[in-house]
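Just so we're clear, the structure is a prediction, and the values are computed from it rather than from any experiment. Both counts, for ligands and for their atoms, begin at 1 and track the order of listing.
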Amino acid sequence: MMNILFQKCFPESTAAPLLCSAPGRVNLIGEHTDYNNGFVLPMAIEFRTKLALSLRKDKIVHVYSKNLDKHAEFHLTDNFDPSKQQWYFYIAGVLQLLMKQGYATYGADIVIASDIPMGAGLSSSASLEIAAGFAYLSAHHRPIDPIKLAMICQQAEHHYVGTRCGIMDQLIASLGQEQHALLIDCESLHLKPIPLNMHQVTWLICDTTIRHQLASSAYNIRRQECEQGAAAMQVNSLRQANLAMLTTYKTKLSPNVYQRCHHVITENERTLKAAIAMQNQDWLTLGKLMAASHRSLQHDYHVSCKELDFLVDQALSIPGVYGARMTGGGFGGCTINLIQDAYLNEFKQKITSYYQAQFSYPPKIYQSKPQAGVKLAIPEIAIEHEF
Ligand code: GLA
């Protein structure tokens with residue numbers, strides 16, 4: 001499909017394009033901890049960004065997005081002002097940084113298509129960045145350390161898009177593994193694959209379908225508040241802080257900063273415990289940690305919204321549900337639910353009808369097993385979108 005689309009967009013291109021795809025992700029626990037050098041526990045999902053790319057002889061880049069049905073053209077030495085917020089800046093940023101750092105030389109013709117719901121907190125942007133960077137480097141025959149690629153993509157998001165995101169999304173899009181979640185230490189960038197032996201339990205993603213415009217600016221403010229907290233406690237990052245220190249410094253912190261720090265410190269503890277519970281297939285403990293994570297994001301970090309809270313509250317009242325929490329940056333997007341297989345259909349029916357009755361439109365439900373990170377060639381997987 002991508003081959004044909006590429007030929008249609010760039011009929012003059014003689015060489016066959018290089019095909020590549022990178023996954024979206026769902027974070028199982030460890031939210032808003034990555035940019036505080038903490039722990040995260042995401043898995044890559046079956047939704048992917050697919051990309052076809054062929055190098056050119058000049059420094060021009062042409063991109064066509066199938067989802068947006070839009071073309072863009074730019075020069076690799078152009079200036080990209082993040083305040084202009086163009087859809088192709090994700091790609092422009094990655095390609096320009098790779099060129100500036102000496103990994104690449106040429107322009108490219110590129111076609112992209114994605115089945116990752118945009119703005120749903122499933123990391124459609126990191127997946128696009130990683131797919132673009134990986135294909136671009138592969139076409140130049142320039143191997144690169146996948147962690148280095150993730151860091152360059154994160155820089156692109158900071159400087160070309162304007163979101164000061166952490167490293168989680170790019171790392172999991174780059175290094176995700178089938179049948180595993182990844183416990184990532186965002187300070188050392190050490191990655192520990194955690195086998196997901198899902199006997200009789202399933203991860204289910206519920207999408208509020210709500211997308212908040214303010215998410216990016218609120219995200220940057222949360223990050224600033226955490227940095228203020230770390231500075232006040234005289235540590236480099238909240239990774240070095242603990243609850244005893246937080247109590248000692250409480251009077252020196254504004255109530256907001258105190259709450260943000262409280263979330264991050266406790267979320268790091270929960271994430272480490274969750275990885276152990278996952279390894280032991282102790283779903284009861286894992287579920288409780290997920291619910292506690294949601295409450296902390298709701299009450300301390302203030303990144304939830306009424307639709308997410310409703311989905312979590314209702315999910316936790318349905319039989320067979322071990323745990324539920326919002327996932328990703330927040331302010332809309334999705335929840336992640338851990339459910340006994342025997343109750344899966346009952347859960348889908350109940351959560352849909354409760355949500356529909358409350359908000360007059362249904363949530364979307366996605367189901368996915370853990371997938372591999374970026375790779376050449378495009379798998380033809382049919383993901384179960386809705387039921
Ligand atoms: C977004 C960011 C990530 C991370 C999450 C919250 O997805 O891109 O780096 O901070 O929010 O956990």
Numbering as shown, the atoms of ligand 1 that approach [X] to under 4.0 Å (heavy-atom distance):
| X | answer |
| --- | --- |
| Y35 | 10 (O) |
| G166 | 9 (O) |
| M168 | 4 (C), 5 (C), 12 (O) |
| R25 | 7 (O) |
| E31 | 6 (C), 12 (O) |
| G329 | 11 (O) |

Query raised in the report: Which heavy atom of the protein is the closest neighbour of atom 10 (O) of ligand 1, given with residue, atom name and distance?
Result: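 Heavy-atom neighbour on the protein nearest atom 10 (O) of ligand 1: Y219 OH, 2.6 Å.
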Query raised in the report: What's the shortest distance from atom 1 (C) of ligand 1 to any protein heavy atom, and which residue and atom give it?
Result: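 For atom 1 (C) of ligand 1, the nearest protein heavy atom comes out as D169 OD2, 3.7 Å.
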Report task. Applying side chain to side chain contact (heavy atoms under 4.5 Å, CB included) between M43 and each of L182, I194, L196, report the one that passes. Result ->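 That would be L196; it is the only one of L182, I194, L196 passing the side chain to side chain contact (heavy atoms under 4.5 Å, CB included) with M43.
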**Report entry** Name of the residue among R25, Q154, E129 meeting side chain to side chain donor-acceptor pair (under 3.5 Å) with Q170
**Finding:**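 Filter result, single survivor: E129.
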**Report entry** ring-ring contact (aromatic ring centres under 6.0 Å, His included) pairs, two or more places apart, involving residues 231-262
**Finding:**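 Qualifying pairs, neighbours excluded: none.
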Salt bridge or not between [X] and [Y]? Use side-chain N to carboxylate O under 4.0 Å.
| X | Y | result |
| --- | --- | --- |
| K350 | E346 | yes |
| K192 | D185 | no |
| D309 | R295 | no |

[X] N/O under 3.5 Å from ligand 1 N/O:
| X | result |
| --- | --- |
| T33 | no |
| G328 | no |
| D34 | yes |
| N27 | no |

**Report entry** Ring centers of Y355, Y361 separated by less than 6.0 Å
**Finding:**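 Ring centres of Y361 and Y355 closer than 6.0 Å.
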**Report entry** is_close_aromatic(Y343, F347), centroid dist under 6.0 Å
**Finding:**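 No, too far apart.
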Query raised in the report: What part of Q170, side chain from CB on, backbone N/CA/C/O, both or neither, has a heavy atom under 4.0 Å from ligand 1?
Result: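 Near ligand 1, Q170 shows nothing, with every heavy atom at 4.0 Å or more.
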**Report entry** N337 and Y322: side chain donor to acceptor below 3.5 Å
**Finding:**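 Checked: N337/Y322 side chains show no N/O donor-acceptor pair below 3.5 Å.
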Query raised in the report: Does at least one non-hydrogen atom of R164 fall below 4.0 angstrom from an atom of ligand 1?
Result: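 It does not; every heavy atom stays at 4.0 Å or beyond.
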